[in-house]
*Asks:* 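Pasting a structure here, questions to come.
Just so you know, ligand 1 is whichever comes first in the structure, and atom 1 is the first atom listed for that ligand.
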Amino acid sequence: MPAIWILRLSHRVGRDFRVTTHLGLVGRAFGAKGMYYSGDKDKEMEKSILRVNERWGGEFKVIYTRQPIKLVNGWREKGVLIHLTMYGLPIDDVISEIRGLNKDILVVVGGAKVPSIYYSLADYNIAITHQPHSEIAALAIFLDRFYKGEQLKFEFSDAKIRVVPCEKGKRLYKGP
Ligand code: SAM
């Protein structure tokens, strides 16, 4: 199975704390290997994601990059570069082709304003509807379509706690 990584552009300390944290949490829960981010370095945001690994398992990585363009150029030599944007091609028109490439994927999501170079460097500019909405929603839908819903069943073998599904209330299993 190809590895999927995320690149979150232009993170701003304070203002983007929740959105970038949630990008990481959605990426982790839905099967991505890790998230690079550019903009402001933010140790608190990194910790807020990595703390989830400790209890809920997995090895999701959060890596700061000062040079996102260099990262993207390096990635294009070995894998596929996807940029999520409302101006791109409808996801359902290209997702089978992307899956068929069987290559590792870097999914770029924007912040306040995405420099135009990302549109030209991307192998695929992909739209999740052509309406403006949220990078978190766009990432979740991309991963859902890519994994055909299988990500809803992902489990972390090293989890210290797990949810025991129940109709009402909350039940947790704590153990090996
Ligand atoms: N006003 C901002 C701008 O000028 O780019 C909107 C940024 S939007 C809140 C942040 C990111 O969400 C975008 O860069 C893109 O990655 C993602 N996004 C938002 N709507 C999308 C859509 N319809 N399809 C795919 N990605 C979308």
*Asks:* Just to confirm my output: which protein heavy-atom neighbour is closest to atom 16 (O) of ligand 1, and how far is it?
*Replies:*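 For this ligand atom, the closest protein heavy atom is Leu84 O, 2.6 Å.
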*Asks:* Does the side chain of Asp144 come under 3.5 Å of the side chain of Gln151 through a donor N or O and an acceptor N or O?
*Replies:*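 Result is yes, a qualifying pair exists.
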*Asks:* Of all the atoms in ligand 1, which lie at a distance below 4.0 Å from a heavy atom belonging to Ile126?
*Replies:*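 The list of qualifying atoms is 25 (C).
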*Asks:* Starting from atom 20 (N) of ligand 1, find the nearest protein heavy-atom neighbour and note its residue, name and distance.
*Replies:*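 Here the closest protein heavy atom is His133 N, 3.1 Å.
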*Asks:* So, is Gln131 polar-close to ligand 1, with some N/O to N/O distance under 3.5 Å?
*Replies:*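 Checking ligand 1 against Gln131, an N or O pair does fall under 3.5 Å apart.
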*Asks:* Check whether any side-chain heavy atom of Leu152 lies under 4.5 Å from a side-chain heavy atom of Tyr147, and answer yes or no.
*Replies:*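 Contact flag for Leu152/Tyr147 side chains = no.
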*Asks:* So between Gly88, Ala112, Gly111, Ser10, whose heavy atom ends up nearest atom 4 (O) of ligand 1?
*Replies:*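 Looking at heavy atoms only, the winner is Ala112.
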*Asks:* Are Tyr64 and Tyr36 an aromatic pair by the rule of ring centers under 6.0 Å?
*Replies:*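 No: the rings miss the under 6.0 Å criterion.
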*Asks:* Using the ring of Phe156 (Phe, Tyr or Trp, six-membered ring only), decide whether Arg55 places NZ or CZ under 6.0 Å from its centre and within 45 degrees of its axis.
*Replies:*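 Negative - Arg55 is either too far from the ring of Phe156 or too far off its axis.
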*Asks:* For ligand 1, indicate whether the residue Ala137 contacts it via side chain, backbone, both or neither (heavy-atom separation under 4.0 Å).
*Replies:*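 Neither part.
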*Asks:* Quick test of your reading of the model: are Arg145 and Asp92 salt-bridged, counting only N-O distances below 4.0 Å?
*Replies:*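 Here Arg145 pairs with Asp92 in a salt bridge, since their nearest N and O are under 4.0 Å apart.
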*Asks:* Give a yes-or-no answer on whether the side chains of His83 and Asn125 include a donor-acceptor pair shorter than 3.5 Å.
*Replies:*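 Short answer, yes.
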*Asks:* Tell me whether Lys113 has any N or O atom under 3.5 angstrom from an N or O of ligand 1.
*Replies:*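 By distance alone, the answer is no.
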*Asks:* Nearest non-hydrogen contact with atom 11 (C) of ligand 1 belongs to which option: Ala127, Pro132, Gly110?
*Replies:*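 Heavy atom nearest to atom 11 (C) of ligand 1 belongs to Gly110.
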*Asks:* Can you list the atoms of ligand 1 that are under 4.0 Å from a heavy atom of Thr85?
*Replies:*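 Within the 4.0 Å cut-off of Thr85, ligand 1 contributes 24 (N), 25 (C), 26 (N).
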*Asks:* Taking NZ, NE, NH1 and NH2 as the nitrogens, is one of them in Arg51 or Glu54 under 4.0 Å from a carboxylate oxygen of the other?
*Replies:*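 Between Glu54 and Arg51 there is no salt bridge, as every charged N stays at least 4.0 Å from the carboxylate O atoms.
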*Asks:* Numbering the atoms of ligand 1 from 1, which are under 4.0 Å from a heavy atom of Ser134?
*Replies:*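 Within the 4.0 Å cut-off of Ser134, ligand 1 contributes 12 (O), 19 (C).
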*Asks:* Would Ser48 and Thr21 count as having a side-chain donor-acceptor pair, cut-off 3.5 Å?
*Replies:*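 The criterion, which ignores hydrogens and geometry beyond distance, is satisfied for Thr21 and Ser48.
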*Asks:* What I want to know is whether His130 and ligand 1 share at least one N or O pair that is separated by under 3.5 angstrom.
*Replies:*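 No; every N/O pair is 3.5 Å or more apart.
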*Asks:* Counting each atom of ligand 1 from 1 as listed, which ones have a heavy atom of Thr129 under 4.0 Å away?
*Replies:*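 Counting atoms of ligand 1 from 1, those under 4.0 Å from Thr129 are 22 (C), 23 (N), 24 (N).
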*Asks:* Hey, which atoms in ligand 1 end up nearer than 4.0 Å to a heavy atom of Ala138?
*Replies:*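 Answer, ordered by atom number: 25 (C), 26 (N), 27 (C).
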*Asks:* Would you call Glu46 and Lys41 a salt bridge, taking side-chain N to carboxylate O under 4.0 Å as the test?
*Replies:*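 Yes, charged N to carboxylate O under 4.0 Å.
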*Asks:* Would you mind running through ligand 1 and noting each atom that sits below 4.0 Å from a heavy atom of Val109?
*Replies:*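 Those atoms are 16 (O).
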*Asks:* Just which atoms of ligand 1 are under 4.0 Å from any heavy atom in Met86?
*Replies:*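 Those of ligand 1 that fall under 4.0 Å from Met86 are 21 (C), 22 (C), 23 (N), 24 (N), 25 (C).
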*Asks:* What atoms of ligand 1 come closer than 4.0 angstrom to any heavy atom of Val114?
*Replies:*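 Atoms satisfying the 4.0 Å criterion: 14 (O).
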*Asks:* Donor-acceptor pair, Arg28 side chain versus Phe60 backbone, under 3.5 Å?
*Replies:*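 Judged by distance alone, no pair lies under 3.5 Å.
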*Asks:* Heavy-atom count check: over 12 atoms from other residues, nucleotides or ligands less than 6.0 Å from Arg18 CZ?
*Replies:*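 No, the 6.0 Å shell around CZ holds no more than 12 heavy atoms from other groups.
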*Asks:* Applying a heavy-atom cut-off of 4.0 Å, say which part of Leu9 lies close to ligand 1: side chain, backbone, both or neither.
*Replies:*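 Near ligand 1, Leu9 shows nothing, with every heavy atom at 4.0 Å or more.
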*Asks:* Quick one: nearest non-hydrogen protein atom to atom 24 (N) of ligand 1, plus distance?
*Replies:*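 For atom 24 (N) of ligand 1, the nearest protein heavy atom comes out as Ile128 N, 3.0 Å.
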*Asks:* Is the side chain of Asp42 donor-acceptor paired with the backbone N or O of Val13 at a distance under 3.5 Å, no angle test?
*Replies:*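 Side chain of Asp42 to backbone of Val13, a donor-acceptor pair under 3.5 Å: no, none is there.
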*Asks:* Among protein heavy atoms, which sits nearest to atom 17 (C) of ligand 1, and what does the distance come to when rounded to 0.1 Å?
*Replies:*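 For this ligand atom, the closest protein heavy atom is Glu135 CA, 3.8 Å.
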